[in-house]
Amino acid sequence: MELELVFNWVIKSSLMASVLAVLILLVNYALRNKLAAKWQYAIWMLLIIRLLIPYDIQSPWSIYSLLPNNSIPSLMVNQANIWMTDNDTQIDLSGKEIQLTNDQSILNKQSNTKSEEPIAEDLSNVYIYILAIIWLVGVLILAILTIAANLRFYFKVRREPSVTNARMSNLMQECSRILGIRKNLPIIITNRIEAPCLYGIVSPKLLLPKSLVNRLREENIRHIFIHELAHYKRNDILINWLAVAAQIVHWFNPLIWYSFAKMREDCELACDADSLSFLKPEEYQSYGLSIISLVTPAQSSWLPGTTGFFGNKNNQQIRRRIKMIKFFQKPTLKWTWTAIVIIISLGLVGFTNSISNATPAAGASTPKQTSQSNQLSAVMDESFDYNKSLSFTPLLPSYTAGYQLTDSTAYKEITPPSNNDSRYLASYGSSEEFKFRIYETTSPKGMHPLYFAGIDQGTKTQIKIGDVPATLYESEYGNAIQFIKNGIEYTVGARHDGGISLNDLKKICESIVVPVNSPPTNFFIDKTGPTASDGLSFKTLQPGDIVVPPGHKFQVASSRISIEGVKKSEVFTMSYTTAGASFLDVEIGKGDQTFGEQTPVLTPDSDFDMKQIDGTEVKLRKTHNDNLPAAKFTIPENGLECMIYSTVQESEVEKAAASILQAYSKL
């Protein structure tokens with residue numbers, strides 16, 4: 001399933017990048033005689049970033065806002081670092097009884113038509129999986145060929161000795177000094193190339209072809225050195241490698257290949273312009289003559305990871321370069337600002353995604369979910385979008401042995417860097433004494449101990465649910481059937497005293513085809529990392545806003561959104577630690593029972609001293625007690641509750657509290 005997620009991201013980013021590439025080509029063509037060469041090249045950086053970053057940056061000015069919603073495939077790779085603790089014991093499964101918006105009889109009537117939908121979806125998923133495999137094979141082949149070609153070239157070149165000629169060494173030092181480069185690059189003369197080039201990221205070397213060395217004049221050598229040193233100074237080798245990586249990932253898109261070919265041409269033009277800026281005007285003509293005089297009939301193949309004096313050696317490019325050199329002028333301030341405005345505009349219009357088409361930070365949609373999104377409740381608790389928060393569409397059975405759904409809970413779990421887990425739990429019968437439960441997860445881990453404790457200790461029998469292999473668990477506690485379908489693991493468990501026979505249990509499993517059409521009773525989303533504040537309804541602080549004790553360093557930011565029935569709470573936490581055991585955690589939140597159920601140990605005011613800090617009443621812990629917060633108070637500007645948990649001295653806790661109050665007063 002992860003492969004399909006990555007493949008979907010690649011397709012989406014490739015489509016969006018294609019639009020951006022067309023915009024860049026149009027801009028460069030329209031302003032080819034006005035925009036400085038370095039700016040024509042700089043614009044291409046937007047394309048590289050667009051192709052490689054797995055994030056959507058939203059903008060109301062995006063060109064994609066002109067397209068209908070969902071016309072661009074949903075991004076499958078999660079865009080936020082979301083994480084949920086494994087402490088499932090904090091989850092309240094009792095819930096309150098809810099009524100289905102459509103009663104069971106309606107679901108049963110719909111089951112015949114609904115059961116046909118997964119068949120089409122299965123075929124669609126198979127096609128997507130096959131395409132994803134083909135894409136991955138193409139990536140691996142290109143990556144292997146690229147690495148092999150570079151390794152072969154590297155092992156050949158490394159045997160060649162560096163030039164010790166005093167004339168060339170002195171000229172290299174002079175050119176390095178002119179460009180402000182302290183490092184003198186090794187010079188290697190070899191038969192392995194047809195044109196001068198720079199090779200290597202970590203320890204770059206200047207390669208000169210033996211066929212040209214004998215007929216080079218000192219003026220030609222100087223121009224070559226300045227040109228290649230300009231490449232080195234501009235980090236063009238690294239940019240080349242990033243472009244190669246993007247081409248490999250998006251190998252199926254011919255527009256991307258064409259765009260990067262144009263980018264490399266613009267790279268040589270930009271490098272020529274940089275080289276000319278270090279030469280005197282009377283040397284411009286001789287620099288152009290150096291290009292013409294070094295052109296050879298042989299056409300050497302371009303090697304990824306090199307920057308050549310000729311770039312893409314074709315007549316059109318040579319003419320462009322000579323024309324640029326002939327009319328070269330240093331960029332004026334007017335056109336410099338024009339170029340900056342153009343890049344920013346292209347970024348807002350073509351680099352960003354529209355807000356309506358953007359993938360939500362809290363999760364991602366699958367093809368299945370997209371096709372059935374109209375069958376799900378779109379909004380729960382005002383702006384909270386349940387449909388976009390799970391990475392799959394939960395399914396319910398059309399056969400329920402006469403019992404109704406009484407409790408449902410959804411979870412979003414993503415532990416960076418790799419785990420992406422969505423879970424859904426549905427209970428039938430009653431909230432406390434359930435008759436049977438259905439547990440669905442995108443990350444199969446076997447029997448879930450909290451929901452089916454003890455059942456997996458019994459006997460295991462391999463059976464089939466329809467044509468899907470399944471495992472039947474039979475124990476003194478009850479029975480359960482577990483199977484995987486379309487990448488989702490389903491576990492259906494029934495207690496022995498629940499009145500659900502083994503035959504009923506099998507029928508329930510076979511009938512799990514009806515998409516959930518009502519929001520879950522409870523929903524839990526936890527996040528960690530730089531995007532932890534995404535999805536919260538209040539403004540959060542930055543790590544540097546809080547004054548922490550000496551030696552404490554910012555560790556991580558996390559957040560928790562809990563929706564339990566009609567109750568909703570949000571908590572944002574920043575943690576600071578030392579190399580030892582000392583810590584300081586700041587929790588800021590709002591909602592119903594923000595910090596969980598209030599217990600006697602947390603609430604008595606007798607455990608706290610009252611103190612005024614910047615006009616705000618702050619409760620400070622009297623004695624050291626790990627079960628109590630070191631401080632608690634309400635932020636006057638927004639009514640947010642704040643708790644500070646720490647092992648540091650009270651004076652340091654006061655400083656932290658004061659900095660929080662001051663920071664929020666400025667927001």
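- With contacts defined as side-chain heavy-atom distances shorter than 4.5 Å, the pair L208/V163 does not qualify.
- Remark: the Y41 side chain and the D236 side chain contain an N/O donor-acceptor pair separated by less than 3.5 Å.
- I340 approaches W39 most closely through the heavy-atom pair CG1-CH2, 4.0 Å.
- Checked by atom type and distance alone, the side chain of W251 never pairs as donor or acceptor with a backbone atom of A246 at under 3.5 Å.
- Taking all atoms of both residues into account, the shortest heavy-atom contact from L51 to A17 is CD2-CB, 3.2 Å.
- Every ring-ring contact (aromatic ring centres under 6.0 Å, His included) that F554 has, sequence neighbours left out, goes to Y576.
- Taking CE of M168 as the reference point, atom CG of L171 lies at 8.5 Å (rounded to 0.5 Å).
- Between the OG1 atom of T442 and the CZ atom of R423 there is a distance of 9.5 Å, given to the nearest 0.5 Å.
- The aromatic rings of F252 and H250 are tilted relative to each other, their planes meeting at an angle between 30° and 60°.
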**Message:** Show, in sequence, the C-alpha distance, side-chain angles and deciding distance for D526 and S558, and conclude whether the side-chain hydrogen bond (donor to acceptor under 3.5 Å, both in side chains) test is met.
**Reply:** CA-CA 7 Å; D526 282 3; S558 59; over 6 Å; no

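- Nearest approach of L179 to I226, heavy atoms of both residues: CD2-O, 3.8 Å.
- Under the 4.0 Å criterion applied to side-chain N and carboxylate O atoms, D274 and R234 are assigned as salt-bridge partners.
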**Item:** Audit row: I48, M263, side chain to side chain contact (heavy atoms under 4.5 Å, CB included) steps and yes/no
**Value:** CA-CA 10 Å; I48 294 178; M263 186 197 79; 3.9 Å; yes

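- The side-chain heavy atoms of L206 and P186, taken from C-beta on, include no pair separated by under 4.5 Å.
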**Item:** Step-by-step side chain to side chain contact (heavy atoms under 4.5 Å, CB included) determination, M16 to R50
**Value:** CA-CA 8 Å; M16 295 180 69; R50 173 69 270 177; 3.6 Å; yes

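- At a cut-off of 3.5 Å, with distance as the only test, no side-chain donor of H223 or E228 sits close to an acceptor on the other residue.
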**Asked** Can T491 and Q482 be said to form a side-chain hydrogen bond (donor to acceptor under 3.5 Å, both in side chains), step by step?
**Response** CA-CA 4 Å; T491 305; Q482 188 173 73; 2.8 Å; yes

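- Two residues are said to be in side-chain contact when any heavy atoms from C-beta on lie closer than 4.5 Å; K233 and I181 meet this criterion.
- Looking at heavy atoms from C-beta onward, V6 lies in side-chain contact with W135 at the 4.5 angstrom threshold.
- Enclosure of atom CD in Q542 is not indicated, since only 12 or fewer non-hydrogen atoms of other residues, nucleotides or ligands lie within 6.0 angstrom.
- Contact of the N191 side chain with the P209 side chain is not registered, since no non-hydrogen atoms from C-beta on lie closer than 4.5 Å.
- Using a 4.5 Å cut-off on side-chain heavy atoms (C-beta onward), V10 and V249 make contact.
- Evaluation of the side chain to side chain contact (heavy atoms under 4.5 Å, CB included) rule for L140 yields L136 as partners, not counting sequence neighbours.
- Counting only distance, with no hydrogens or angles, the side chain of K205 and the backbone of L185 share no donor-acceptor pair below 3.5 Å.
- K527 contributes no side-chain N or O that, together with a main-chain N or O of R560, makes up a donor-acceptor pair within less than 3.5 Å.
- The shortest distance between side-chain heavy atoms of L395 and Y424 does not fall below 4.5 Å.
- Separating the OG atom in S559 from the CD1 atom in I525 is a distance of 9.0 Å, to the nearest 0.5 Å.
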**Message:** L229 vs S176, test: side chain to side chain contact (heavy atoms under 4.5 Å, CB included). Steps then yes/no.
**Reply:** CA-CA 7 Å; L229 287 172; S176 298; 3.7 Å; yes

**Evaluation steps, ring pair (Phe, Tyr, Trp, His ring centres under 6.0 Å), between F153 and Y199** = CA-CA 10 Å; F153 186 74; Y199 179 73; 4.9 Å; yes

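- When all heavy atoms of G535 and I561 are compared, the closest pair comes out as O-CD1, 3.8 Å.
- Within the model, atoms CG of D272 and CG of L279 stand 10.0 Å from one another, a figure rounded to the nearest 0.5 Å.
- Between F483 and Y490, the two ring planes are parallel [angle under 30°; tilted spans 30° to 60°].
- Partners of K156 according to the side chain to side chain contact (heavy atoms under 4.5 Å, CB included) rule, which considers only residues two or more places apart in sequence or in another chain, are R152, R159, R192.
- Side-chain atoms of L276 and Y287, non-hydrogen and from C-beta on, do get closer than 4.5 Å to each other.
- To the nearest 0.5 Å, atom CZ of residue R177 and atom SG of residue C175 are 9.0 Å apart.
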**Item:** Step-by-step side chain to side chain contact (heavy atoms under 4.5 Å, CB included) determination, L31 to I342
**Value:** CA-CA 11 Å; L31 300 176; I342 289 173; 3.3 Å; yes

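- Side-chain atoms of Q555 and T577 include a donor-acceptor pair closer than 3.5 Å.
- The closest donor-acceptor contact from the side chain of N486 to the backbone of I488 lies at 3.5 Å or more, if one exists at all.
- T528 places a side-chain N or O within 3.5 Å of a backbone atom of A557 that can act as its donor or acceptor partner.
- Between G529 and V556 the shortest heavy-atom distance is N-CG2, 4.2 Å.
- In this structure, the separation between CG on D266 and CD on Q40 is 5.5 Å, given to the nearest 0.5 Å.
- Smallest separation of non-hydrogen atoms from W44 and K262: CZ2-CB, 4.0 Å.
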